[in-house]
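The next block holds one structure in the form of structure tokens; read it before the comments.
Protein chains get the first letters and strands the later ones, always in sequence-line order, with residue 1 at the start of each.
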Amino acid sequence: MVRTRFAPSPTGFLHIGGLRTALFSYLFARHNGGIFILRIEDTDRTRYIEEAMTDIMESLKWVGIEWDEGPDIGGPYAPYKQSERKDIYLQHAEELIKRGNAYKCFCSQERLEKLREEQRKRGEKIGYDRHCRNLSEEDIKRYESENKPYVIRLKAPLSGETNFNDLIRGKITVSNETLDDIVLIKSDGFPTYHLANIVDDHLMRITHVIRGEEWISSTPKHVILYQSFGWEPPFFAHVPVILAPGGGKLSKRHGATTVKEFREKGYLSEAVLNFIALLGWSYDDKTEIFSMEDLIKYFTIEKINKASAVFSYDKLDWYNGVYIRKKSPEELLELGKPFIIKADLLTEDEIEANRDYLLKIIPLIQERIKLLSEIPEKIWFFFDRHFEIREKKELVPKGLDISQALDLLKKARKGLEKIETFTKDNIEEFIRGLMEETGFKTKQIFMPLRVAVTGTRVSPGLFETMEVLGKKRVLDRISKAIYYLEDRKSLE
RNA sequence: GUCUCCUUCGUCUAGUGGUUAGGACACCGGGUUUUCAACCCGGCAACAGGGGUUCGACUCCCCUAGGAGAUGCCA
């Protein structure tokens with residue numbers, strides 16, 4: 001039985017890179033009918049952020065990643081929060097000391113810093129000098145009786161080499177001389193990532209460790225840890241990182257970085273999911289659109305790329321447009337609601353009261369937006385409370401003068417008024433006729449009407465827009481434009 | 001500095017010794033058209049460099065360069 005886990009530390013909101021690592025881990029488990037576990041690695045209380053755990057869970061759920069065991073739902077190997085498992089790690093570290101594979105180190109942090117500084121200065125390999133590795137029994141006893149603070153370190157082999165087989169990169173070998181005696185238990189009694197992670201992965205029967213490539217250089221030490229316990233290590237797969245456009249880490253400077261931010265900017269979860277799945281993984285040479293179901297069906301580790309991928313906001317935007325166009329008006333309205341409210345366009349109650357109207361508006365803008373957050377700016381003019389002719393000058397397009405525009409608007413008002421059933425087909429029939437009658441070019445006739453009715457020169461199709469607005473609004477707005485032009489008689 | 005990993009169009013990628021090196025995004029051009037989109041058609045554009053191995057290398061090996069990560073009582 002395949003068992004994978006996502007093991008974030010709650011030091012901030014879930015990053016898009018973390019989401020992808022979680023996704024790959026999740027997909028692998030699901031593809032193989034296995035179990036996916038969420039484990040919170042909160043062993044660094046100095047960086048702990050209260051809201052982080054909630055955010056991580058909400059972000060995962062948002063894209064449809066669901067765990068079978070986790071801190072909120074428990075499971076056969078609970079608890080799934082490392083701060084609640086402190087004793088387990090301590091016991092294991094002591095076990096290692098007994099086996100002669102770990103030792104107490106009484107070196108102060110000051111000494112270690114000084115040591116590193118000197119090593120750097122002399123251009124030597126930087127790392128712990130194993131000062132306490134062979135302390136005599138008496139020294140240890142003495143320090144202990146003095147209550148001197150200590151950490152527990154792993155005794156790494158001094159010679160030979162350690163290797164492991166990475167499912168993505170193949171065999172990775174390091175010379176043991178380059179290894180350090182890593183800290184297992186900190187002086188505050190909390191375990192480090194290395195210990196807690198290995199102990200939990202073993203205890204929780206994790207079969208495949210799928211994590212970011214920043215862990216590659218730690219893995220040999222982890223392998224030694226497994227060996228020291230006499231445990232069989234799991235399979236490892238280190239997935240490439242996501243880079244910012246131009247290289248380097250993805251940061252706020254480039255745009256959204258946390259899942260929460262993407263959500264708030266108006267990205268759809270399907271788009272984010274589809275996009276990140278294809279960042280470092282591919283199915284074939286042509287398929288671009290994948291649902292979660294598709295991903296589960298097709299996902300294999302072999303198709304994960306070795307090289308890191310650069311994040312492309314352009315492509316994400318394209319995906320978002322694709323998924324927005326797939327939505328029904330009802331769904332899109334539901335998704336757009338928070339954005340409409342946030343932009344102060346309508347209140348929650350107003351949205352409900354205008355539900356049918358909005359459902360007719362949505363299809364008109366659906367293929368014109370890439371982000372949900374663009375909805376308010378595309379539909380504002382449908383609401384009288386906000387309506388104004390924003391681009392008044394455009395009432396009189398190039399090639400027409402004011403009196404011609406006025407004449408046109410008046411004729412249009414008159415004709416539109418006569419239309420009994422105000423449908424786009426009937427409107428079109430009339431306006432086409434008006435074109436013939438006046439002899440004006442299409443642009444010259446559409447633009448004054450478009451500006452009068454929608455307030456700006458960019459809008460959805462005129463006939464559909466008019467139909468949705470309804471006869472009364474259309475006529476009122478045309479009248480408004482006429483009064484404006486008559487009043488001015490000139491447009492400076 | 002040392003160690004490890006990585007390297008196909010601007011970007012995401014397909015490719016597993018013999019291909020006109022394919023697709024997608026972006027970009028450019030055209031079509032449709034009522035503005036903006038959407039849509040359709042077309043175009044631009046890549047095997048980091050140098051050595052090998054081989055009848056033949058994008059594919060295998062080595063070196064160099066570039067990039068990334070690690071080098072923490074952070075994960």
Practice task
List in numerical order all residues of residues 425-433 of chain A for which some heavy atom is under 4.0 Å away from an atom belonging to RNA chain B.
Solution key: A/R432

Problem - Nucleic acid footprint by protein, nucleotides 3-9 of chain B - heavy-atom cut-off 4.0 Å, B for base, S for sugar-phosphate alone - result: SSSSS--

Completion exercise
B/C5 -> Watson-Crick or G-U wobble partner, both distances under 3.5 Å, gives B/G67

Problem - Gap in Å between the two C1' atoms, one belonging to B/C61 and one to B/U53, rounded - result: 7 Å

Handout entry: Base-pairing assignment for B/A21 (Watson-Crick or G-U wobble, both under 3.5 Å)
Key = none

Problem - Any A/K221 side-chain nitrogen or oxygen under 4.0 Å from OP1 or OP2 of B/A70 - result: no

Exercise for the section: Rounded to whole angstrom, note down the C1' distance from B/G50 over to B/A45. Expected result: 25 Å

Exercise for the section: Could you pull out all residues at least two apart from A/R120 that satisfy salt bridge (charged side-chain N to carboxylate O under 4.0 Å, His left out)? Expected result: none

Handout entry: Whole-angstrom distance between B/G42 and B/C36, as gauged at atom P
Key = 24 Å

Practice task
Determine which nucleotide pairs with B/C27, using a 3.5 Å limit on both distances of a Watson-Crick or G-U wobble pair.
Solution key: B/G43

Problem - Below 4.0 Å: OP1/OP2 of B/C74 and any side-chain N or O of A/S9 - result: no

Problem - All pairs passing side chain to side chain donor-acceptor pair (under 3.5 Å) where residues 433-447 of chain A contributes a residue, at least two apart - result: none

Practice task
Can you tell me, in whole Å, how much space there is between the C1' of B/U16 and that of B/C58?
Solution key: 10 Å

Extract all donor-acceptor atom pairs below 3.5 Å that involve side chains of residues 7-23 of chain A and protein atoms in other chains or at least two apart in sequence.
unit_1	atom_1	unit_2	atom_2	d
A/H15	ND1	A/G17	N	3.0
A/R20	NH1	A/L279	O	2.2
A/R20	NH2	A/P240	O	2.1
A/T21	OG1	A/G17	O	3.1

Exercise for the section: Give a yes or no on whether a salt bridge exists between A/K393 and A/E391, defined as a side-chain N under 4.0 angstrom from a carboxylate O. Expected result: no

Handout entry: Pair of N/O donor and acceptor under 3.5 Å linking B/A24 base with A/K286 side chain
Key = no

Completion exercise
Scoring nucleotides 35-48 of chain B by protein non-hydrogen atoms under 4.0 Å (B base, S sugar-phosphate only, - none) yields BBBSS---------

Handout entry: G-U wobble or Watson-Crick pairing nucleotide for B/C60 (cut-off 3.5 Å, both distances)
Key = B/G52

